[in-house]
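Remember, it's a predicted structure, so these values are computed and weren't measured experimentally.
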Amino acid sequence: MSTNQVDRVLEELNKTMKLLRDTMKTPVIRTAGFKKDHTQVGKSIAAAVTTVEAGKPLFETDARAPRARRRR
């Protein structure tokens, strides 16, 4: 998985979480524990996003080895 794919997935996840937050602002039918479950999911996804962002350099798939410096 390349870093571009990771960035794209994180952007889509961010859009989805914003949509969920906006949806929660509108009146919804109050079911038992929905707000608690929503908060728990939000915290879990935030933890996953920060973990993936921190590990983004590990997803680098550049097969080229670093070049050695030439002496002059």
> In chain order, what residues pass the side-chain hydrogen bond (donor to acceptor under 3.5 Å, both in side chains) check against N14, with sequence neighbours excluded?
Replying inline: none
>> Counting neighbours of CD on E53 that are heavy atoms of other residues, nucleotides or ligands and sit closer than 6.0 Å, is the number greater than 12?
In response: yes
>> Within this structure, what is the CG-NZ distance for the pair L10 and K56, rounded to the nearest 0.5 Å?
In response: 6.5 Å
>> Distance check, rounded to the nearest 0.5 Å: E11 atom CD versus K15 atom NZ?
In response: 6.5 Å
> So do I45 and V41 actually touch side chain to side chain, heavy atoms under 4.5 Å?
Replying inline: yes
